[in-house]
Amino acid sequence: MIRAADVSLSYGTEQVLRDVSLSVDPGEVVAVIGPSGVGKTTLLRILALSLEPEEGTVELDGTDAWAVDDAERLSMRRRIGMVFQDASLFDASVERNVEYGLRVRRSWSTRLRDSLRSAVRSNGTADAVRESLEVVGLANDLEQQTSSLSGGEAQRVSFARALAYEPDVLLLDEPTSDLDPRNTAVIEDAIGEARERGIGIVIATHDMHQAERVADRVAVLLDHRLTEVGPTEQIFENPSEDRTRKFISGELIY
């Protein structure tokens, strides 16, 4: 579905990524693990088509995202959802926040049509909003103001917002790093639900136990390169690269 091939990027004189290749198929979860500051978030931003690599290509369904015009790239970008480490919600109701993703991902003509439908209280978004909130266990909190939510609940709303418009690809940047075990479990269950819907998922995480729980494949990012990509069980139990083994075992300290 989406594939980065030999992408490299620097910030000034600092090399962030070098010759990184990664893909995710529909209904697959790929975890990118590695120490803080190694480039995991930058890789997600490249996959989200919000950051152009200096070298290499990023393709969605075989189309090079940076070889098309801005309008087509925007259309491609609308098929990709992203959940950040911070929930970044509007000061509004839970329903309004989740509905927002549906509205901005649609074309202007569709937005106008939905606005007209909204005037007669039938905008067609209620089912998608409610279903996505059910996935994260907040279907009964539509009218609650986000300012009254806990950090874990806010992150669950953020996940629901991304899920509501049914993206083809979902990118998760440390989505549970500051959450308690209960909210972490809800998010991980929601990842499983998204996978069942056929959404391809890339999750960047420093939590290797989480990667073991949710991922079909794991990519290990060390020193701005992917040292190894493979099935989760193989990476954690029998990695082929010595640096991967040392990192997973804690022998390689950053």
Side-chain angles (χ1 to χ4, degrees), residues 1-4 7 9 11 16-17 20-24 28-53 58 60 65 76-90 97-98 100-101 104-105 132 135-136 146 151-165 167-180 183-195 199-222 224-226 229 232 254:
M1 180 73 69
I2 192 167
R3 184 172 76 96
V7 299
L9 185 73
Y11 292 137
V16 181
L17 297 174
V20 170
S21 296
L22 186 69
S23 65
V24 60
E28 180 186 33
V29 179
V30 176
V32 180
I33 63 173
S36 297
V38 77
K40 299 190 297 295
T41 297
T42 297
L43 177 57
L44 290 190
R45 290 179 62 200
I46 288 174
L47 291 173
L49 310 184
S50 63
L51 188 61
E52 182 178 5
V58 183
L60 185 62
M76 296 169 71
R77 192 177 291 140
R78 284 175 171 153
R79 297 169 55 191
I80 302 169
M82 190 160 180
V83 177
F84 299 93
Q85 184 173 350
D86 296 322
S88 301
L89 301 179
F90 299 108
N97 271 271
V98 176
Y100 178 79
V104 299
R105 294 284 170 157
S132 64
V135 170
V136 297
T146 56
E153 290 170 333
Q155 188 68 321
R156 285 152 64 184
V157 173
S158 180
F159 192 101
R161 181 171 60 189
L163 189 62
Y165 54 82
D168 293 325
V169 180
L170 185 57
L171 308 174
L172 309 176
D173 189 10
E174 302 280 5
T176 64
S177 63
D178 297 322
L179 304 190
D180 58 50
N183 282 298
T184 295
V186 172
I187 293 292
E188 290 182 358
D189 287 344
I191 291 172
E193 172 65 24
R195 172 205 274 145
I199 298 173
I201 301 167
V202 181
I203 175 172
T205 179
H206 65 270
D207 185 343
M208 288 187 278
H209 294 299
Q210 180 174 74
E212 285 188 276
R213 289 192 298 268
V214 305
D216 300 300
R217 287 190 297 132
V218 171
V220 184
L221 188 59
L222 299 173
H224 318 301
R225 295 177 180 269
L226 288 179
V229 181
T232 301
Y254 282 79

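- Between Leu47 and Ile80 there is no side-chain heavy-atom pair separated by less than 4.5 Å.
- Here Asn97 contributes atom CG and Leu89 contributes atom CG; the two are 4.5 Å apart, rounded to the nearest 0.5 Å.
- How far CG of Leu17 is from CG of Leu51: 9.0 Å, rounded to the nearest 0.5 Å.
- In this structure, Asp173 contributes its side chain and Gln85 its backbone to no donor-acceptor pair below 3.5 Å.
- Residues Pro35 and Leu222 are in side-chain contact: their nearest non-hydrogen atoms beyond the backbone lie under 4.5 Å apart.
- Between the side chain of Arg156 and the backbone N or O of Val136 there is at least one donor-acceptor pair closer than 3.5 Å.
- Side chain of His224 to main chain of Val38: a donor-acceptor pair is present (N/O by atom type, distance under 3.5 Å, no hydrogens or angles).
- Side-chain contact check for Ser177 versus Asp207: every heavy-atom pair is 4.5 Å or farther apart.
- Shortest non-hydrogen contact noted between Ser158 and Ala87 is OG-O, 3.6 Å.
- Panel note: side chain Lys40, backbone Leu221; no donor-acceptor pair is recorded below 3.5 Å.
- Nearest heavy-atom pair across Ala215 and Thr232 is O-OG1, 2.7 Å.
- With a 4.5 Å cut-off on side-chain heavy atoms, Ile199 and Leu163 count as touching.
- Nearest heavy-atom pair across Gly39 and Val16 is CA-CG1, 4.1 Å.
- At least one side-chain heavy atom of Leu60 sits less than 4.5 Å from a side-chain heavy atom of Met1.
- Taking every heavy atom of both residues into account, Ala190 and Phe159 meet most closely at CB-CE2, 3.5 Å.
- With respect to Ile201, the side-chain contact (heavy atoms from CB on, under 4.5 Å) criterion is satisfied by exactly one of Val24, Val214, Val83, Leu172: Leu172.
- Atom-to-atom distance recorded for Leu22:CG and Leu44:CG is 9.0 Å, nearest 0.5 angstrom.
- Looking only at side-chain heavy atoms (C-beta outward), Tyr11 and Thr42 come within less than 4.5 Å of each other.
- Of the inter-residue distances, the one linking Thr176 atom OG1 with Ile191 atom CD1 reads 7.0 Å to the nearest 0.5 angstrom.
- In terms of heavy atoms, Pro53 sits closest to Val7 at CB-CB, 3.9 Å.
- The nearest pair of heavy atoms linking Ser23 to Arg3 is CB-CG, 3.8 Å.
- For the atom pair Gln155 CD and Leu179 CG, the distance stands at 6.0 Å (nearest 0.5 Å).
- The structure places CG of Asp86 at 11.0 Å from CD of Glu174, a figure rounded to the nearest 0.5 Å.
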